[in-house]
Amino acid sequence: MTTRDVRAPGLAALAGLLADETRAACLLALLDGRAWTAGELARHAGVAPSTLSEHLGKLVAGGLLVGERQGRHRYVRLAGPRIAQLVEDLVAQAGPDTGPAPRTLRAATAGSAMARGRTCYDHLAGRLGIAVTDALTARGLLRQDTGFALTDPGLRWFANTGIPLDRASRRPLARACLDWTERRPHLAGVAGAALCRHALDTGWCVRIGSERAVKVTPAGERALSELLGIDATALR
């Protein structure tokens, strides 16, 4: 007689939470790392606010989202980096071309912008994220041969560039995250988050549109060229 694995019910419950397009749309939207209101997510998912509230309740109860209140408004966000990693890994597993082709020029343009550069929860992704990861690796600042790890020169590079790293964090300092458009890993973890935050704070990158897309500014092109030798044409 076989004994059922005690983890099976929990895994089935998690799979059930994810097996709904409206809830999946909410999780994907929240990969931008920001908090959204229920109304914003309802418009994004194309459902009634009452319907969306029911879905959000399930996601919060399941530990995938957390709620927070500010004044009269209630916001939700992903429960943390591990949830973001789970969602991004599942998207990468599903593949970038499982959905219908864009039906409008606006949708095609938005998709192109997301592929060029975007945030993946709190780090850079798309061709931009891959270009930065490859440049760090080529310069001996990041190792990929036995998993992602910053080298000693890499640690000094972050310090000299003015990008502080939270060494006390429980998150890995460097982690590989499979990019769902490029099908290759980009830099995540503490270092990936710090680099993304620095890029946005200094104006190297700016957010565009209402999705997660980001665009490298002329100042960012100069900085990434000087610091990492990245050709500006690879960022456009």
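Ion pairing between a basic and an acidic side chain is recognised when a charged N comes within 4.0 Å of a carboxylate O; Asp179 and Arg118 show such pairing. A salt bridge between Lys58 and Asp20 is absent, with no side-chain N of the basic residue lying under 4.0 Å from a carboxylate O of the acidic one.
In the hydrophobic cluster analysis, where Ile, Leu, Val, Met, Phe, Trp and Tyr join through side-chain heavy atoms closer than 4.5 angstrom, Leu31 is grouped apart from Leu195. Hydrophobic clustering, with ILVMFWY side chains joined whenever heavy atoms are under 4.5 angstrom apart, groups Val214 together with Leu136. Each of Leu178 and Met114 belongs to its own hydrophobic cluster when Ile, Leu, Val, Met, Phe, Trp and Tyr are linked at side-chain heavy-atom distances under 4.5 angstrom. The cluster map of Ile, Leu, Val, Met, Phe, Trp and Tyr, joined by side-chain heavy atoms under 4.5 Å apart, puts Trp180 and Leu187 in different clusters. Leu227 and Ile130 fall into different hydrophobic clusters, defined by Ile, Leu, Val, Met, Phe, Trp and Tyr side-chain heavy atoms under 4.5 Å apart, directly or through other members.
For Thr217 (side chain) and Gly220 (main-chain N/O), a donor-acceptor pair under 3.5 Å exists by modelled atom type. Without hydrogens or angle criteria, Thr181 side chain to Gly126 main chain gives no donor-acceptor distance under 3.5 Å. Listed for the Arg197 side chain is no donor-acceptor partner under 3.5 Å among the backbone atoms of Asp122. Looking at Arg212, its side chain does come within 3.5 Å of a backbone N or O of Thr119 through a donor-acceptor pair. Remark: the backbone N or O of Cys120 is paired with a side-chain donor or acceptor of His123 at under 3.5 angstrom.
Looking at Leu173 and Leu165, their side chains come closer than 4.5 Å, going by heavy atoms from C-beta outward. Two residues are said to be in side-chain contact when any heavy atoms from C-beta on lie closer than 4.5 Å; Leu128 and Cys205 meet this criterion. Side-chain contact between Arg23 and Cys26 is absent, with no heavy-atom pair separated by less than 4.5 Å. The shortest side-chain heavy-atom distance between Thr51 and His55 falls under the 4.5 Å cut-off. Contact check for Glu182 versus Thr133: no side-chain heavy atoms found under the 4.5 Å cut-off. Proximity of Trp157 to Leu228: side-chain heavy atoms (C-beta onward) are separated by under 4.5 Å at one or more points. In this structure the side chain of Phe158 never reaches within 4.5 angstrom of the side chain of Val190, judged on heavy atoms. The shortest distance between side-chain heavy atoms of Leu27 and Leu65 falls below 4.5 Å.
Screening residues 220-230 for side-chain hydrogen bond (donor to acceptor under 3.5 Å, both in side chains) gives Glu221-Arg236 as the qualifying pairs, with residues at least two apart or on separate chains. Residue pairs meeting the salt bridge (Lys or Arg N to Asp or Glu O under 4.0 Å) criterion with at least one partner in residues 59-79, sequence neighbours excluded, are Glu68-Arg77.
The aromatic rings of Trp36 and His44 sit perpendicular, their planes meeting at an angle over 60°, well past the 30° parallel limit.
We find the SG-CG distance between Cys177 and Leu124 to be 11.5 Å, quoted to the nearest 0.5 Å. Atom CZ in Arg207 sits 4.5 Å away from atom CZ in Arg34 (nearest 0.5 Å). The CG atom of Leu28 lies 10.5 Å from the CD atom of Glu21; values are rounded to the nearest 0.5 Å.
Each of Leu78, Val76, Leu14 was evaluated against Leu64; a single residue qualifies, Leu14, per the side-chain contact (heavy atoms from CB on, under 4.5 Å) test.
Applying the side chain to side chain donor-acceptor pair (under 3.5 Å) criterion to Thr146, with sequence neighbours excluded, gives no partner residue.
By the neighbour-count criterion of 12 heavy atoms within 6.0 Å, atom CZ of Arg143 is sparsely surrounded, having that number or fewer from other residues, nucleotides or ligands.
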